[in-house]
Amino acid sequence: GAVVSQHPSRVICKSGTSVKIECRSLDFQATTMFWYRQFPKKSLMLMATSNEGSKATYEQGVEKDKFLINHASLTLSTLTVTSAHPEDSSFYICSAPRTGDPNSPLHFGNGTRLTVT
Amino acid sequence: QKEVEQNSGPLSVPEGAIASLNCTYSDRGSQSFFWYRQYSGKSPELIMFIYSNGDKEDGRFTAQLNKASQYVSLLIRDSQPSDSATYLCAVNGGGAGKSTFGDGTTLTVKP
């Protein structure tokens, strides 16, 4: 069964609104979670590293004020796309390394397909 | 130069054949290497991971790592149509635990 749960799986919103995506580790504690974005037929682009109890680390070129990340507990990280625009439409995927070793394999959520109209 | 490079693909093999997927990486300090499979419209799922030089086998899948050549590959024996997907090579440099992904190779197994 899934070890990382991501919701919603699909969301359509109007331009200018905000959307929150949740990522939960189901049977393990995740002090670190990663948020990726994927465009059609392209690879995963790391947006940010979510750290429990501290600020997220954003990759170069990712607007931290637009993509708000909160990692309030050891099992939950959220990504909020603020004031969404059509160019934010994409497939967003969260992941977490299962064990305490950050180099262990990643377990991915099922992804959220965001469409901004 | 990209940090992780994969065969541009697409790769097409007949059912029952061996599919060979290749990946090179630029960071010599990389410590862990992964192959993920991604079906269209779905998120990636782990196929294999390898940390040491040599071969690692799991069922029909074999991962091969050569750190001196900065090369990692995935062999799929007895390929099945259900193996048709995009295969992503990912490399961890250690420390931050962030994986850098290649662009993926799309494999089609024809019945």
Side-chain angles (χ1 to χ4, degrees), chain A residues 1-10 21 23 30-52 54 56-60 62 71 79 90-115, chain B residues 2-10 21 23-25 27 29-52 56 58 61 63 65 67 72 74 85-108:
Chain A
V3 297
V4 174
S5 176
Q6 184 174 345
H7 292 281
S9 59
R10 189 178 296 269
I21 303 170
C23 182
T31 56
T32 301
M33 289 185 177
F34 302 100
W35 287 96
Y36 293 87
R37 182 175 182 175
Q38 187 176 35
F39 292 104
K41 299 190 184 300
K42 298 293 184 183
S43 191
L44 301 174
M45 183 191 80
L46 179 65
M47 298 176 65
T49 302
S50 175
N51 304 298
E52 187 271 335
S54 64
T57 304
Y58 290 83
E59 295 300 302
Q60 190 173 11
V62 178
H71 197 148
L79 168 67
S90 190
F91 191 45
Y92 293 87
I93 313 173
C94 69
S95 69
R98 185 178 179 86
T99 69
D101 177 2
N103 285 310
S104 65
L106 293 173
H107 290 269
F108 287 87
N110 286 334
T112 298
R113 188 160 303 283
L114 170 64
T115 302
Chain B
K2 293 181 180 177
E3 294 182 51
V4 179
E5 295 205 46
Q6 297 185 239
N7 294 12
S8 58
L21 305 166
C23 174
T24 58
Y25 60 95
D27 183 359
S30 299
Q31 299 178 0
S32 46
F33 308 85
F34 309 95
W35 284 99
Y36 294 91
R37 178 176 62 197
Q38 186 175 26
Y39 292 114
S40 181
K42 304 294 185 182
S43 64
E45 56 179 331
L46 180 71
I47 297 296
M48 293 283 290
F49 63 90
I50 187 167
Y51 299 149
S52 304
K56 179 181 179 182
D58 183 2
F61 300 95
L65 175 61
K67 289 187 177 181
V72 57
L74 178 70
T86 296
Y87 289 80
L88 300 169
C89 172
V91 175
N92 272 18
K98 296 187 299 187
S99 286
T100 300
F101 286 80
D103 288 342
T105 299
T106 298
L107 170 68
T108 301

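Here the structure is a predicted model, which means the values were calculated and not measured. Every chain is numbered from 1, with letters handed out A, B, ... down the list of sequences.
- Neither the backbone nor the side chain of A/Gln6 comes within contact range of chain B, judged by heavy atoms closer than 4.5 Å.
- Note: A/Leu44 leads A/Thr57, A/Leu44, A/Ile93, A/Leu46 in heavy-atom pairs under 4.5 Å with chain B.
- Nearest approach of A/Pro105 to B/Tyr51, heavy atoms of both residues: CD-OH, 3.7 Å.
- Using a 4.5 Å cut-off between heavy atoms, B/Gln38 contacts chain A through its side chain alone, with no backbone atom that close.
- One finds the OG atom of A/Ser95 at 11.5 Å from the CG atom of B/Leu46 (value rounded to the nearest 0.5 Å).
- Rounding to the nearest 0.5 Å places CZ of B/Phe101 at 4.5 Å from OH of A/Tyr36.
- Under a 3.5 Å cut-off, the side chain of A/Ser43 and the backbone N or O of B/Gly104 do not form any donor-acceptor pair.
- No more than 12 heavy-atom neighbours from other residues, nucleotides or ligands sit within 6.0 angstrom of NZ on B/Lys42.
- For A/Gly109 against B/Ser43, the heavy-atom pair with the smallest separation is O-OG, 2.6 Å.
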